[in-house]
Amino acid sequence: MKHLFKGGTLVTGSGTFRADILTDGETIAAVGQDLPPHGAAVTDVTGKLLFPGFIDAHTHFDLDVCNTTTADDFASGTKSALRGGTTTVIDFACPNKGESLSYGLKLWHEKADGKSSCDYGFHMTIDDWNESIEAELPAMFDAGISSFKMYMTYPAMMIGDKDMYYALRALRQYGGIAGVHCENAGVIDALIEQHKRDGLTGPGSHPRCRPNALEAEAVAHLLRIAQVADVPVIIVHLSTAEALHEVRAARARGQQVYIETCPHYLLLDDSVYDLPEYSAAARYVCAPPLRKKADQQALWQALADGTIQTVSTDHCSFTLQQKDAGRGDFTKIPGGLPGVQTRGILLYSAGVAEGRITPETMCRVLSENPAKLYGMFGRKGVLAPGADADIVVIDPAAEGVITAADQISSAGYTPFEGIKTHGRITQVYLRGQLAVDNGEVLAERTGTYIPRGVRQM
């Protein structure tokens, strides 16, 4: 079936212009002015902005962690994503230490296949490194897994410097890339010991045990390893001005470094951890923690000038009941926030509508850059002939308020409660099918696995 979108304003990473879009089945057939309908169904999108479907390259659905399981599985998580304009997610397949990569990939397919409402791919977590793991890499690339994740903290997942170096060098052979969670685990552990010894066990101790300097030190540490290994890397969920400084220094040395940040680092600050009621504060516990307003300003500026390439959510949701496990010991609070539904409208409202970034920047960091960085540009991330017909329609004149009651996530709350928004996502098309109309999800569990190639930026 053909579908013609007439009169809209298309947003690309390089410009914004009035044009029509003709889709044919699941793909875009033509883009241009005053396209004839040729028997297509016609939708008038005059006055609306049309973005390529958003890509969230950092989600955690159906993840067993902290002696519990995330509140959102692929059914609720991807439905929530789709409602917010995200037509593709890349989740993390996470085999435990001692398990094979192939086992992790099989397990995540079982979690996602047939349950996902948006399209999806997987990164592969590497928390072991040995000859067996290395021998599995070709099969991962054959399966469309071209990006990997490593941790510099969390005992169950962290990998040491020697193994990280070898892993980075091995990925380079295949054109793969790693995203790394950067925090100094040893000093964090020391600070946790001190706080517990002093009886400081509430949520307010969480950010004080993970200060800015420890993210910056870990980023610098990783970047020097990457320099010696001569490989590009991605800093995931970067949250501080100090870490930005380390990345800029590495780029000045000639290194290729890509940065991801998240909406909660752009819009929330660490004052929430000192709220007097436990659950009010604990709901914001994530790692890295929320930072200062000065860090927010630095991140917005880095988005505007192109220092940051992508904005993902790190959606890792827990109910307030699950968060309650940390009463009396802040280290037992499951770390993570919901946010996969609100990312697009928050970036438009607080970014574009408030003049912090341009529509083109929003398109780059939500659509084009993640598609290029993770090897699916051309099919995803662009409104052009031959691409999947993933289209997000935004009414820039509408207004709204973010509330928990409006969220699909099973977390039961949103960290952005009460934020007034400018603009509204009115329709979302997934591969040509109207999937969301005025907030109602019309198509569920129609997502498909997207195998990915190597990075294109």
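Because the structure is a prediction, the values reported are computed rather than measured.
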Got a donor-acceptor contact below 3.5 angstrom from the [X] side chain to the [Y] backbone?
{"X": "D91", "Y": "F61", "result": "yes"}
{"X": "Q296", "Y": "K292", "result": "no"}
{"X": "K323", "Y": "Y278", "result": "no"}
{"X": "E277", "Y": "S279", "result": "yes"}
{"X": "W300", "Y": "L266", "result": "yes"}
{"X": "Q256", "Y": "V233", "result": "no"}
{"X": "D62", "Y": "K111", "result": "no"}
{"X": "S117", "Y": "R445", "result": "yes"}

Under 6.0 Å from the ring centre and within 45 degrees of the ring axis: does the NZ or CZ of [X] meet both conditions for the six-membered ring of [Y]?
{"X": "R283", "Y": "Y413", "value": "yes"}
{"X": "K149", "Y": "F92", "value": "yes"}
{"X": "K372", "Y": "F377", "value": "yes"}

Working to the nearest 0.5 angstrom, can you tell me the gap between [X] [atom1] and [Y] [atom2]?
{"X": "R18", "Y": "D34", "atom1": "CZ", "atom2": "CG", "value": "5.5 Å"}
{"X": "D395", "Y": "L49", "atom1": "CG", "atom2": "CG", "value": "8.5 Å"}
{"X": "S146", "Y": "M124", "atom1": "OG", "atom2": "CE", "value": "11.5 Å"}
{"X": "I159", "Y": "I126", "atom1": "CD1", "atom2": "CD1", "value": "6.5 Å"}
{"X": "T78", "Y": "I408", "atom1": "OG1", "atom2": "CD1", "value": "9.5 Å"}
{"X": "L223", "Y": "R253", "atom1": "CG", "atom2": "CZ", "value": "6.5 Å"}

So, [X] and [Y]: side-chain donor and acceptor under 3.5 Å apart, yes or no?
{"X": "S409", "Y": "Q341", "value": "no"}
{"X": "R83", "Y": "S80", "value": "no"}
{"X": "T59", "Y": "H315", "value": "no"}
{"X": "Q427", "Y": "Y429", "value": "yes"}
{"X": "N369", "Y": "Q309", "value": "no"}
{"X": "D113", "Y": "Y120", "value": "yes"}
{"X": "R291", "Y": "S239", "value": "yes"}
{"X": "T70", "Y": "D72", "value": "no"}
{"X": "D269", "Y": "S271", "value": "yes"}
{"X": "T446", "Y": "E444", "value": "no"}
{"X": "E260", "Y": "S312", "value": "yes"}
{"X": "T86", "Y": "R343", "value": "yes"}
{"X": "N438", "Y": "T426", "value": "no"}

Step-by-step side chain to side chain donor-acceptor pair (under 3.5 Å) determination, E360 to T16: CA-CA 7 Å; E360 292 84 357; T16 300; 2.8 Å; yes
Step-by-step side chain to side chain donor-acceptor pair (under 3.5 Å) determination, D127 to T125: CA-CA 6 Å; D127 48 28; T125 297; over 6 Å; no
Step through the shown structure and confirm whether more than 12 heavy atoms of other residues, nucleotides or ligands are within 6.0 Å of OH on Y103. no
State whether the number of non-hydrogen atoms from other residues, nucleotides or ligands found under 6.0 Å of N67 atom CG is greater than 12. no
Identify which one of K6, H3, K48 satisfies the side chain to side chain donor-acceptor pair (under 3.5 Å) criterion when paired with T43. H3
For [X] versus [Y], what's the shortest heavy-atom pair and its separation?
{"X": "R172", "Y": "A229", "value": "NH1-O, 3.8 Å"}
{"X": "V219", "Y": "C182", "value": "CG2-CB, 3.7 Å"}
{"X": "P370", "Y": "M376", "value": "O-CE, 4.5 Å"}
{"X": "D24", "Y": "A29", "value": "CB-CB, 4.1 Å"}
{"X": "P95", "Y": "S100", "value": "CB-O, 3.5 Å"}
{"X": "A282", "Y": "I333", "value": "O-CG2, 3.9 Å"}

Measuring centre to centre across the rings, with the benzene-like ring taken for any Trp, is [X] within less than 6.0 Å of [Y]?
{"X": "H264", "Y": "F416", "answer": "no"}
{"X": "H422", "Y": "Y348", "answer": "no"}
{"X": "F148", "Y": "F141", "answer": "yes"}
{"X": "H181", "Y": "H237", "answer": "yes"}

Of I235, D295, L238, T261, the residue whose pairing with L244 passes side-chain contact (heavy atoms from CB on, under 4.5 Å): L238
For E26 and D388, what are the C-alpha separation, side-chain angles and deciding distance, and is it a side-chain contact (heavy atoms from CB on, under 4.5 Å)? CA-CA 6 Å; E26 295 195 342; D388 283 358; 5.5 Å; no
In terms of ring plane angle, is the pair Y449 and H109 parallel, tilted or perpendicular, where the classes change at 30° and 60°? perpendicular
Hey, are the side chains of K380 and P52 touching, using non-hydrogen atoms and a 4.5 Å cut-off? no
